[in-house]
Amino acid sequence: MANPTVAAQLVQMLRDAGVQRIYGVVGDSLNPVVDAVRHTDGIEWVHVSNEEGGAFAAAAEAQVTGRLAVCAGSCGPGNTHLVQGLYDAHRSGAPVLAIASQIQSQEVGMAFFQETHPERTFQDCSYWCEVVTPKQMPHTLRVAVQTAVGKRGVSVVVLPGDLAAEESGGPTVPSAMVSAPSPVRPAPEQVQALADAINAARTVTLFCGAGCAGAHDEVMELAGTVLSPVGHALGGKEVIQYDNPYDVGMNGLLGYGAAHKATHEADLLVLLGTDFPYVNFLPQQRTAQVDADASHLGRRSPLEVAVHGDVGETIRALLPLLERKTDRTFLDSMLRDHAHALEKVVDAYTRRVEKMRPIHPEYVAAQLDELAADDAVFTVDTGMCNVWAARYLTPNGRRRVIGSFRHGSMANALPHAVGAQFADRGRQVVSMSGDGGLAMLLGELITVRLHRLPVKIVLFNNASLGMVKLEMMVDGIPDFETDHEPTDFAAIAAGVGIPSMRVEDPADVRSTLETGLARPGPVLMEFVTDANALSIPPAITGEQIRGFATTATKMVLGGGVGKMIDLARANLRNVPRP
């Protein structure tokens with residue numbers, strides 16, 4: 001055989017592109033690829049319990065490292081299991097390549113056992129999805145890799161099992177590839193238009209998203225120049241909230257503080273690197289937007305100014321064109337409102353909370369925030385865990401918070417933690433899991449144990465689908481089928497060999513977290529929490545209030561925000577006294 005097999009070439013090229021592992025479940029049509037991994041140094045096969053978990057793990061690894069990550073699924077059900085994790089990766093901008101193996105090529109189109117059409121199935125959650133034949137290798141794989149890396153999303157290689165074992169179309173020749181996309185430089189006339197709009201506005205608010213990564217200092221300099229409050233979406237929290245004397249909190253369904261007010265009352269709202277989806281939380285007027293993805297511009301709001309550019313590049317070009325503002329009235333007013341809003345709600349979890357049963361989930365989250373490592377990676381389940389993470393985890397520029405923030409899939413936290421921990425076994429990784437999410441991909445506990453991953457699983461067990469319950473209440477619908485039979489997940493974890501602790505007494509919360517976080521290897525810490533600890537957004541309509549009134553007149557609406565109250569108080573020191 002003059003050239004390597006397709007499978008051998010594929011695995012070698014992935015390794016040469018920096019890929020260290022492939023997440024998946026071995027079997028049938030994937031056997032040539034798995035065997036190629038066995039014979040190739042520098043790359044390993046990571047067995048997961050469900051291909052969905054493997055795709056989530058790859059998504060998290062890609063987000064933590066910024067490099068290409070890979071998952072795989074065998075023909076039929078094996079690769080359709082990948083769908084949720086690939087949607088999550090694609091919408092999160094994670095460079096992931098999926099190997100979706102196919103039935104034998106001669107049987108395609110004959111309704112054969114386990115036949116599906118991956119090239120159709122994954123079109124909506126990928127930038128590149130094609131059937132690859134031996135003659136197309138190796139150049140087609142280079143295209144797949146470069147597309148995932150360059151566009152920051154998913155590529156899917158559809159590979160019939162029999163073709164994987166055939167000779168490839170050419171030798172494996174080293175080829176340089178770009179490891180990350182380059183920053184987009186904005187057009188000068190767009191930057192000038194933004195400068196003119198900011199100079200003409202008496203008051204400005206900056207609202208920041210994940211696209212501000214790497215531009216923290218530039219955003220702070222811009223805010224100081226135009227005396228702007230700085231709010232953020234959930235995706236922007238970890239990159240923009242720390243060391244921020246202009247912070248007014250978060251807008252949106254999980255929001256808190258004065259961000260909503262600041263975005264609506266400013267003469268000009270500037271959206272920086274955010275594709276914030278909740279249009280009813282935006283003023284829909286007096287708005288400018290900066291984004292490296294031109295398709296995001298104007299998607300959520302009519303714009304007075306649109307700038308296609310990287311946030312950091314744009315601000316650096318913008319600053320010399322700005323007139324420094326001197327009137328702090330608007331900024332100081334928003335800082336005071338923000339501090340007042342946090343002061344008002346912080347009592348929800350500080351007043352005698354260490355004695356209240358069931359345990360307040362806010363208390364668990366606040367204690368976790370204090371005890372976790374300064375460079376911890378938190379993976380967060382969709383639902384109320386998103387709320388506790390958004391309101392209680394304190395960013396510092398080194399911590400990471402990863403969740404299914406754009407796709408909103410349940411069950412993401414634990415498999416995300418698997419990928420984050422494989423990316424760095426020496427870094428503390430904490431899975432903030434809900435009982436509903438953990439139950440959905442419970443088998444990934446076995447994955448954690450199998451690979452001896454030191455993941456710390458903090459389980460909020462309220463025997464309820466809390467976010468769904470809240471959604472029903474907002475709509476004035478009595479909650480129905482949201483509560484379920486209490487489950488002892490600590491016993492289940494112990495059954496698969498993971499040390500575990502179950503806590504019902506709030507007095508034991510801190511000591512359990514201290515012990516669990518310090519213990520080597522995987523640990524599950526289960527906290528039995530109050531199912532009625534809910535959360536309301538920073539601004540709700542009269543219709544929503546009436547919905548709550550008819551179904552939850554006696555419910556506790558939690559809203560504490562942990563250490564952010566300290567930040568808000570500290571920022572008030574910058575406000576001149578009258």
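Residue numbers count from 1 along this sequence.
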What verdict does the side chain to side chain contact (heavy atoms under 4.5 Å, CB included) test give for Arg399 and Val377, after you've listed the backbone C-alpha separation in whole Å, the side-chain angles of each residue and the deciding distance to 0.1 Å?
CA-CA 6 Å; Arg399 284 179 166 181; Val377 178; over 6 Å; no
Does [Y] offer a backbone N or O that forms a donor-acceptor pair with the side chain of [X] under 3.5 Å?
X      : Y      : answer
Thr487 : Phe489 : no
Arg449 : Ile498 : no
Ser500 : Ala490 : yes
Gln289 : His296 : yes
Glu51  : Thr80  : no
Ser92  : Ala94  : no
Ser74  : Leu30  : no
Asp435 : Leu438 : no
Ser433 : Asp381 : no
Asp369 : Ala365 : no

Are [X] and [Y] side-chain neighbours, meaning at least one heavy-atom pair lies under 4.5 Å?
X      : Y      : value
Phe378 : Ile402 : no
Ile99  : Leu97  : yes
Leu453 : Pro522 : no
Asp424 : Val64  : no
Met525 : Val503 : no
Cys208 : Val230 : yes
Val96  : Cys71  : yes

Using the rule given for side chain to side chain contact (heavy atoms under 4.5 Å, CB included), can you reason through His81 versus Val83, listing the C-alpha separation, both sets of side-chain angles and the distance that settles it, and then say yes or no?
CA-CA 6 Å; His81 277 306; Val83 167; over 6 Å; no
Below 4.0 angstrom, N of the basic side chain to O of the carboxylate: do [X] and [Y] qualify?
X      : Y      : result
Glu370 : Arg510 : yes
Arg21  : Glu61  : yes
Arg300 : Asp275 : yes
Asp247 : Lys237 : no

Which distance, rounded to the nearest 0.5 Å, do you find between the [atom1] of [X] and the [atom2] of [Y]?
X      : Y      : atom1 : atom2 : result
Gln84  : Cys125 : CD    : SG    : 9.5 Å
Leu234 : Arg406 : CG    : CZ    : 8.5 Å
Met501 : Asp508 : CE    : CG    : 11.0 Å
Leu82  : Phe56  : CG    : CZ    : 11.0 Å
Ile359 : Asp505 : CD1   : CG    : 7.0 Å
Ser49  : His47  : OG    : NE2   : 5.5 Å

ring-ring contact (aromatic ring centres under 6.0 Å, His included) against Tyr87, all qualifying residues, sequence neighbours excluded:
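Tyr87 satisfies ring-ring contact (aromatic ring centres under 6.0 Å, His included) with His407 once adjacent residues are dropped.
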Step through the shown structure and confirm whether more than 12 heavy atoms of other residues, nucleotides or ligands are within 6.0 Å of CZ on Arg519.
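No, CZ of Arg519 has 12 or fewer neighbouring heavy atoms, counting only those of other groups under 6.0 Å.
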Under a plain distance cut-off of 3.5 Å, with no hydrogens placed, do Ser511 and Glu514 share a side-chain donor-acceptor pair?
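No - no donor-acceptor pair under 3.5 Å links their side chains.
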Is it the case that Ser409 and Asp88 place a side-chain donor and acceptor less than 3.5 Å from each other?
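Not at all, the side chains of Ser409 and Asp88 share no donor-acceptor pair under 3.5 Å.
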For Phe460 and Met384, run side chain to side chain contact (heavy atoms under 4.5 Å, CB included): C-alpha distance rounded to whole Å, both residues' side-chain angles, the deciding distance at 0.1 Å, then the answer.
CA-CA 9 Å; Phe460 294 76; Met384 296 309 294; over 6 Å; no
Is it true that the NZ or CZ of Arg120 lies under 6.0 Å from the centre of Phe122's six-membered ring and within 45 degrees of the ring axis?
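No, a cation-pi geometry is absent between Arg120 and Phe122.
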Is there a side-chain hydrogen bond (donor to acceptor under 3.5 Å, both in side chains) between Thr263 and Thr205 once you walk through the steps?
CA-CA 6 Å; Thr263 58; Thr205 291; over 6 Å; no
Does the ring centre of Phe276 sit less than 6.0 Å away from the ring centre of Phe207?
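Yes, ring centres under 6.0 Å apart.
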Aromatic centroids of Phe281 and His264 separated by under 6.0 Å
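No, too far apart.
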Which word best sums up how the rings of Tyr242 and His216 line up, parallel for under 30°, tilted for 30 to 60°, or perpendicular for over 60°?
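It falls in the parallel class, under 30°.
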If the condition is salt bridge (Lys or Arg N to Asp or Glu O under 4.0 Å), which residues does Glu526 pass it with, not counting sequence neighbours?
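Partners of Glu526 by the salt bridge (Lys or Arg N to Asp or Glu O under 4.0 Å) criterion, ordered by chain and then number, come out as Arg502.
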Looking at residues at least two apart in the chain, or sitting in another chain, which of them share a side-chain contact (heavy atoms from CB on, under 4.5 Å) with Glu238?
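Partners of Glu238 by the side-chain contact (heavy atoms from CB on, under 4.5 Å) criterion, ordered by chain and then number, come out as Arg400, Val401.
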The test is side-chain hydrogen bond (donor to acceptor under 3.5 Å, both in side chains); show your working for Asn462 and Thr529 and say whether it passes.
CA-CA 5 Å; Asn462 62 3; Thr529 59; 4.8 Å; no
Take Val364 and Val458 through the test side chain to side chain contact (heavy atoms under 4.5 Å, CB included) and record every step on the way to the result.
CA-CA 9 Å; Val364 177; Val458 177; 4.2 Å; yes
